[in-house]
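Since the structure is predicted, the reported quantities are computational estimates derived from the model, not experimental observations.
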Amino acid sequence: MNMEITSVKYKTDSIKVIFENGNFFILPITSEYMKLSLGNDISNEIIVRMKSDSAYFLCRQQLYKYLANADKSIFECKSYLQRKKFEDKVILTILDEFREKNYLNDAEHVRKYLDFLKRTKTAGKNFVLNRLYMKDIDKSIIESFMDEIKLFDENYDEILKLAEKKYKIIGEKNNNYSKLVYFLQSRGFSNQTIFKVLDMMKNRGYIFYKSDDNNYDDD
């Protein structure tokens, strides 16, 4: 059954075609669709093709906007498009297209993400690994960055500053040593790194206490 076009609206990057039953499609600007005009009688076969073209176009445009805000992993992009209710076959096709154009590259994403964390957050190796696993980054890619990831546990000056700042909040209270340990563990630092930093603090004169109020000295 044919359907008549009742409105054609042009935007910078798209065409909105509205039919007599109220349905509409947002379509890419192509030579074929630019020929459409008010009153055209469109066959069902062409309408089916328009529906498909519209789905791929909108999915592609949505992903462009998502990536404009920040670099993302392939898994994050897939999850985002699924939340936007695009069909899986459309999502997979668009993701493949973006990978082929190198708009999506998980190895490059990891490199950028590590650089971002270095600039913005004092966090340990375990924190970084957990975030990368949440992004569903392939283990082989993570392994290729492992030497760099381990360095997050060796930035002792910044970790010490973080611990000293937390100490000022906790103060010389019962069990302040354990509270600092838990805090640094929550930031993803290994126990080896944590104990080294707390020893550095003790050497600087910081006082730690057990729960019984006795001065804490584990030497």
**Fill in**
Note: Cys59 and Ile94 closest approach over all heavy atoms is SG-CG1, 3.8 Å

**Message:** For a 4.5 angstrom cut-off between non-hydrogen side-chain atoms, does Glu20 reach Ile5?
**Reply:** no

**Asked** Are the ring centres of Tyr167 and Tyr206 closer than 6.0 Å?
**Response** yes

**Lys118 atom NZ, over 12 foreign heavy atoms within 6.0 Å** = yes

**Sequence-distant partners of Tyr182, ring-ring contact (aromatic ring centres under 6.0 Å, His included), two or more places apart** = none

**Derivation of the salt bridge (charged side-chain N to carboxylate O under 4.0 Å, His left out) call for Asp96 and Arg99** = CA-CA 5 Å; Asp96 284 342; Arg99 275 195 295 258; 2.2 Å; yes

**Message:** Does this structure show an ion pair linking Glu148 with Lys125, if we count only N-O contacts that are shorter than 4.0 Å?
**Reply:** no

**Request:** Kindly say whether Phe183 contributes a backbone atom to a donor-acceptor pair with the side chain of Ser186 at under 3.5 angstrom?
**Result:** yes

**Item:** Nearest atoms (heavy-atom pairs only) where Glu4 meets Asp41
**Value:** N-OD1, 3.8 Å

**Message:** Distance check, rounded to the nearest 0.5 Å: Leu81 atom CG versus Glu87 atom CD?
**Reply:** 13.0 Å

**Prompt:** Hey, is the main chain of Lys89 close enough, under 3.5 Å, to the side chain of Thr93 for a donor-acceptor pair?
**Reply:** yes

**Shortest non-hydrogen contact from Ile141 toward Ala107** = CG2-CA, 3.8 Å

**Item:** Ser190 backbone acceptor or donor facing Asp153 side chain under 3.5 Å
**Value:** yes

**Prompt:** How would you list, by chain and number, every residue that makes a ring-ring contact (aromatic ring centres under 6.0 Å, His included) with Tyr10, sequence neighbours excluded?
**Reply:** none

**Prompt:** Under 6.0 Å from the six-membered ring centre of Phe208 and within 45° of its axis: does the NZ or CZ of Lys202 meet both?
**Reply:** no

Donor-acceptor pairs under 3.5 Å, side chain of residues 62-71 to any protein atom, not counting sequence neighbours: which ones?
residue	atom	partner	partner atom	Å
Gln62	NE2	Tyr80	OH	2.8
Asp71	OD2	His109	ND1	2.6

**Fill in**
Interatomic distance, CG@Leu27 vs OH@Tyr33, rounded to 0.5 Å, equals 5.5 Å

**Message:** Is it the case that the side chain of Asn176 and the backbone of Tyr209 share a donor-acceptor pair, with hydrogens and angles ignored and the cut-off at 3.5 Å?
**Reply:** yes

**Message:** How long is the straight-line distance from CD1 of Ile149 back to CZ of Phe152, given to the nearest 0.5 Å?
**Reply:** 7.5 Å

**Asked** Any Lys/Arg nitrogen of Asp115 or Lys112 sitting under 4.0 Å from an Asp/Glu carboxylate oxygen of the other?
**Response** no

**Message:** Is any side-chain heavy atom of Glu97 closer than 4.5 Å to one of Tyr103?
**Reply:** no

**Asked** To the nearest 0.5 Å, what is the distance between CZ (Arg111) and CG (Asn105)?
**Response** 9.5 Å

**Asked** Are Leu129 and Ile142 side-chain neighbours, meaning at least one heavy-atom pair lies under 4.5 Å?
**Response** yes

**Prompt:** Counting only N and O atoms by type, is there a donor-acceptor contact under 3.5 Å from the side chain of Asn40 to the main-chain atoms of Met3?
**Reply:** no

**Item:** Heavy-atom donor-acceptor pair, Thr193 side chain to Phe189 backbone, under 3.5 Å
**Value:** no

**Fill in**
For Asn191, the side chain to side chain contact (heavy atoms under 4.5 Å, CB included) test, sequence neighbours excluded, returns Gln185, Ile194, Phe195

**Asked** Between Ser73 and Glu76, does any side-chain donor sit less than 3.5 Å from a side-chain acceptor?
**Response** yes

**Side-chain touch Phe86/Leu58, heavy atoms, less than 4.5 angstrom** = yes

**Under 3.5 Å: donor-acceptor pair, side chain of Ser14, backbone of Pro28** = no

**Message:** Taking Phe19's backbone N and O only, do any of them form a donor-acceptor pair with Asn23's side chain (distance below 3.5 Å, no angle check)?
**Reply:** no

**Request:** Indicate whether the side chain of Ser43 and that of Asn2 have a donor and an acceptor atom separated by less than 3.5 Å.
**Result:** no

**Interatomic spacing from CD1 in Ile42 to CD1 in Ile47 - rounded to 0.5 Å** = 7.0 Å

**Request:** I would like to know whether Lys139 and Glu143 meet salt bridge (charged side-chain N to carboxylate O under 4.0 Å, His left out); could you show each step before the answer?
**Result:** CA-CA 6 Å; Lys139 290 183 179 180; Glu143 186 64 31; over 6 Å; no

**Message:** Going by side chain to side chain contact (heavy atoms under 4.5 Å, CB included), name the residues that satisfy it together with Asp157, two or more places apart in sequence or in a different chain.
**Reply:** none

**Prompt:** Going by an N to O cut-off under 4.0 Å, is there a salt bridge joining Lys168 and Glu164?
**Reply:** no

**Message:** Tell me if the NZ atom of Lys78 is crowded by more than 12 foreign heavy atoms within 6.0 Å.
**Reply:** no

**Message:** For Thr122, is there any backbone N or O sitting under 3.5 Å from a side-chain donor or acceptor partner on Glu158?
**Reply:** no

**Asked** Quick one: are Val128 and Leu117 in side-chain contact, heavy atoms under 4.5 Å?
**Response** yes

**Request:** Supply the atom-to-atom distance Ile18 CD1 to Leu38 CG, rounded to the nearest 0.5 angstrom.
**Result:** 10.5 Å

**Message:** Run the side chain to side chain contact (heavy atoms under 4.5 Å, CB included) test against Glu154 and tell me which residues pass, sequence neighbours left out.
**Reply:** Leu151, Tyr156

**Prompt:** Where is the tightest heavy-atom contact between Ala163 and Leu184, given as atom of each residue plus distance?
**Reply:** CB-CD1, 4.3 Å

**Request:** For Ile207 and Glu172, work out which heavy atoms get closest and say how close.
**Result:** CD1-OE2, 4.0 Å

**Message:** Are the side chains of Met134 and Phe75 in contact, using a 4.5 Å heavy-atom criterion?
**Reply:** no

**Item:** Closest non-hydrogen atom pair, Lys11 against Ile29
**Value:** O-CD1, 3.5 Å

